[in-house]
Amino acid sequence: ASMASPERALLREHWRPFALYVMAFTHLGMYLSIVGPTILPLVAQTGTSLYIIAMVNASRNAGYLIGTLVAGQLSDRMPHLATEALCAAVALAGAMTALVPEATHIAALEFVFLGQALGLGFIDNLTQMLLMRRFEEHAGPFVQAIYFGFGVGCVAAPLVASPFLVDATGAYDTADYDHAYRHAYQILGLLALPTAAGLAAHALHRRWSSGRPRSGDELDRDQDYLLETATGKTPADGSSAVMAADCADQTATKRDGCTELDQAFPAVIKSDEDHANATNNLGAKQKFLPTRDANRVAAGISLFLLFYVGCESGMGGYATTYAVEQLGLTQRMGDYITLVFWICLVIGRLSGVFVSVHISLPTLIRASFALSITTIVVLIILRNITVALWIGAGVYGLGIATIYPSGLAWLSQNVDVGGKMLSYIVTMVCIGEGLIPMTLGMLLDLQPILFLAVALVFLLLSAAVFLLTVRYADGRIRAHRHSLITPPISQCALPSGTPAARRGVGAAGLGEADHRETAFECAADDEAAETGVSPLLAHAADPRDTNADGRDAETL
């Protein structure tokens with residue numbers, strides 16, 4: 001099987017909203033990448049210079065940041081409106097994209113770009129937030145899939161525009177862009193309609209299902225699902241009542257999840273979204289890091305992604321220029337090398353959907369960094385060989401493809417990712433996307449080989465930050481789990497025979513070893529109270545504490 005059983009089950013249950021999320025991210029990639037191949041028609045359309053259009057395009061980052069920040073606040077304060085907001089964002093981005101050819105004045109073009117970027121910021125934040133909350137710890141392959149859709153959009157937009165730009169060569173005049181360039185933007189804008197309609201239908205269906213009473217069969221299925229989530233058992237006869245009675249008979253209710261079930265099980269589950277929210281909250285205390293540790297881990301992931309995105313955007317934006325300046329290739333050949341990089345990046349993200357199911361996300365990211373760093377080193381060594389650049393661009397695209405989505409998926413497995421946190425991450429990503437490629441471009445203008453050398457430095461920084469973040473998170477997760485399974489000292493008085501009591505140490509002064517010993521003796525005292533047998537006598541009578549010839553293990 002290409003995907004593990006939990007992922008396959010989740011895909012069967014949530015394939016409709018998942019398909020809409022992939023389509024939304026495909027639009028994100030298309031609308032971000034369409035400006036590059038059509039920048040010269042924009043110059044002729046507005047009657048300005050290439051520099052002015054480049055500045056207007058760069059100002060889209062402001063709208064993008066505003067969009068993701070507002071979306072983060074909205075998704076945390078009004079999560080029930082997230083799907084409706086995503087629908088509006090897709091429609092807004094598509095409408096503004098279709099209006100780009102109509103903006104013949106530079107101020108009008110900047111207004112249209114700002115509105116488009118505002119919608120794209122909403123799409124970026126809300127799509128990831130909805131997907132992570134829906135799939136939780138199994139989000140890895142699904143995050144890879146939406147970023148595969150993003151890559152498809154980045155490759156598809158220039159291909160859609162290319163046929164309409166064939167006759168628009170040399171000096172651009174009004175006729176050139178009026179007959180060719182206009183249609184490319186209109187087609188991309190219209191492509192948003194099916195996605196917006198699908199999101200609207202999904203939101204209406206959810207509203208309708210939340211207002212109708214649930215049937216008995218649906219409630220039974222919901223009970224079975226919640227019981228299975230809480231206890232880790234599947235009811236053999238399909239009866240949730242049998243499982244509930246069995247759960248109530250367990251003595252270790254905390255271990256088997258009965259207490260959590262009593263707290264999380266709703267009296268009536270009104271809709272599929274309510275069902276998802278109820279099950280998502282089940283066991284959240286055990287799964288996610290505390291807020292303070294979670295914020296530190298999110299800050300580390302943000303810095304890691306800042307360095308990474310700069311390296312990805314730098315190669316995608318300046319591979320053509322590097323090929324022309326360093327190897328003396330033609331502009332068209334440099335464009336083909338850039339296309340090889342993006343196609344291989346898309347292929348890598350598609351493969352990440354299936355690879356991430358079978359290996360851990362940190363292992364996948366480490367392997368991706370190893371391949372990417374090795375490729376850059378080889379390109380530096382073989383910097384004057386054309387074939388090396390062709391192969392290296394493809395291998396580099398394959399290597400870095402899974403890093404970004406895998407990093408976000410790993411974060412969602414360990415941290416309760418909300419809209420505000422995603423806004424912070426996207427803000428850091430935008431900073432890296434703006435500053436690092438600009439730095440690489442300036443160095444490329446000075447000396448082409450510095451482009452690869454500094455890109456290698458940023459890639460090493462990204463890998464180092466990620467490894468340190470994972471190490472910190474692993475340590476905090478172990479400490480958090482230990483604090484959850486160790487009973488509080490206040491619930492059990494110190495036995496007089498413990499070393500701490502003999503030294504006159506109170507509960508507040510216990511060390512870690514005394515804490516564990518006290519917890520063990522508390523459990524022993526509870527067992528003695530239930531059975532009426534002294535723990536010492538029970539230990540002496542336990543045949544498991546003797547070796548093969550019958551002698552007591554402690555005596556040996």
Side-chain angles (χ1 to χ4, degrees), residues 10-32 63-64 66-99 115-136 139 142-143 145-153 156-157 186-212 270-277 280 405 408 412 417-419 422-423 426:
L10 287 169
L11 182 60
R12 285 194 299 268
E13 184 179 356
H14 303 289
W15 69 269
R16 289 183 182 86
F18 170 66
L20 293 172
Y21 300 156
V22 174
M23 292 171 65
F25 245 57
T26 303
H27 293 302
L28 179 65
M30 287 193 297
Y31 297 156
L32 286 176
Y64 200 95
I66 294 172
T68 189
L69 290 173
V70 174
Q73 296 289 335
L74 174 67
S75 61
D76 280 350
R77 297 186 180 185
M78 293 181 287
H80 58 286
L81 295 178
T83 302
E84 289 84 345
L86 179 59
C87 173
V90 171
L92 174 64
M96 289 299 178
T97 301
L99 287 175
Q116 182 199 52
L118 187 69
L120 296 180
F122 267 76
I123 293 173
D124 192 346
N125 188 298
L126 294 176
T127 303
Q128 296 184 81
M129 186 273 298
L130 286 169
L131 184 136
M132 290 178 183
R133 288 183 177 176
R134 184 174 293 273
F135 296 106
E136 286 198 304
F142 301 102
V143 174
I146 65 170
Y147 275 94
F148 165 71
F150 177 84
V152 170
Q186 290 172 345
I187 290 174
L188 293 179
L190 289 174
L191 288 176
L193 290 179
T195 304
L199 287 167
H202 175 63
L204 289 174
H205 173 72
R206 187 195 59 187
R207 294 289 182 184
W208 175 79
S209 11
S210 65
R212 69 179 178 87
K270 296 181 179 179
S271 68
D272 292 337
E273 293 261 332
D274 296 333
H275 173 265
N277 291 333
N280 287 349
L408 285 179
S412 70
V417 180
L422 274 177
S423 300
V426 173

TODO: Identify the heavy atoms of L92 and G115 that sit nearest to each other, and give their distance.
DONE: CD2-O, 3.7 Å
- [ ] Could you tell me whether the side chain of D124 reaches within less than 4.5 Å of the side chain of F25, counting heavy atoms only?
- [x] yes
- [ ] Considering non-hydrogen atoms only, spot the tightest contact between T127 and L86 and give its length.
- [x] OG1-CD1, 3.5 Å
Task: Gap separating the OH atom of Y147 from the CG atom of L28, nearest 0.5 angstrom - done: 8.0 Å
Task: Residues T195 and H27: side-chain donor-acceptor under 3.5 angstrom - done: yes
TODO: Compare every heavy atom of L74 with every heavy atom of A85, then report the nearest pair and how far apart it is.
DONE: CB-CD2, 3.5 Å
Open item on the list: Could you measure the distance from the CG atom of N125 to the CD atom of Q73? Nearest 0.5 Å is fine.
Closed with: 10.0 Å
Task: Straight-line distance of H14 NE2 to L20 CG, nearest 0.5 Å - done: 13.5 Å
Open item on the list: Using only atom types and a distance under 3.5 Å, with no angle test, would you say the side chain of S423 pairs donor to acceptor with the backbone of T68?
Closed with: yes
TODO: Can you measure from CZ (F122) to CG (L118) and round to the nearest 0.5 angstrom?
DONE: 6.0 Å
Open item on the list: I need the minimum non-hydrogen distance between A82 and L126, along with the two atoms involved.
Closed with: O-CD1, 3.9 Å
Task: Distance, nearest 0.5 Å, that separates CH2 of W15 from CG of L10 - done: 15.5 Å
Open item on the list: Any non-hydrogen side-chain atom of L32 less than 4.5 Å from a side-chain atom of Y64?
Closed with: yes
- [ ] Write down the atom of T83, the atom of A203, and the distance for their closest heavy-atom approach.
- [x] CG2-CB, 4.0 Å
Task: Short side-chain to backbone donor-acceptor contact, Y21 and V143, under 3.5 Å - done: no
- [ ] Anything under 30° is parallel, anything over 60° is perpendicular, the rest tilted; go ahead and classify F18 against F135.
- [x] perpendicular
Task: F148 vs V22, side-chain contact (heavy atoms from CB on, under 4.5 Å): CA-CA, chis, key distance, verdict - done: CA-CA 8 Å; F148 165 71; V22 174; 5.6 Å; no
Open item on the list: Within the 4.5 Å heavy-atom criterion, are H80 and M78 side-chain neighbours or not?
Closed with: yes
TODO: Indicate the atoms forming the closest heavy-atom contact of L188 with A157, along with that distance.
DONE: CD1-CB, 4.3 Å
Open item on the list: Quick check: do L99 and Q116 have side-chain heavy atoms less than 4.5 Å from each other?
Closed with: no
Open item on the list: Rounded at 0.5 Å granularity, tell me how far CE in M132 sits from CG in L422.
Closed with: 5.5 Å
TODO: Determine which pairs satisfy salt bridge (Lys or Arg N to Asp or Glu O under 4.0 Å) with at least one residue from residues 80-89, sequence neighbours left out, and list them in order.
DONE: E84-R206, E84-R207
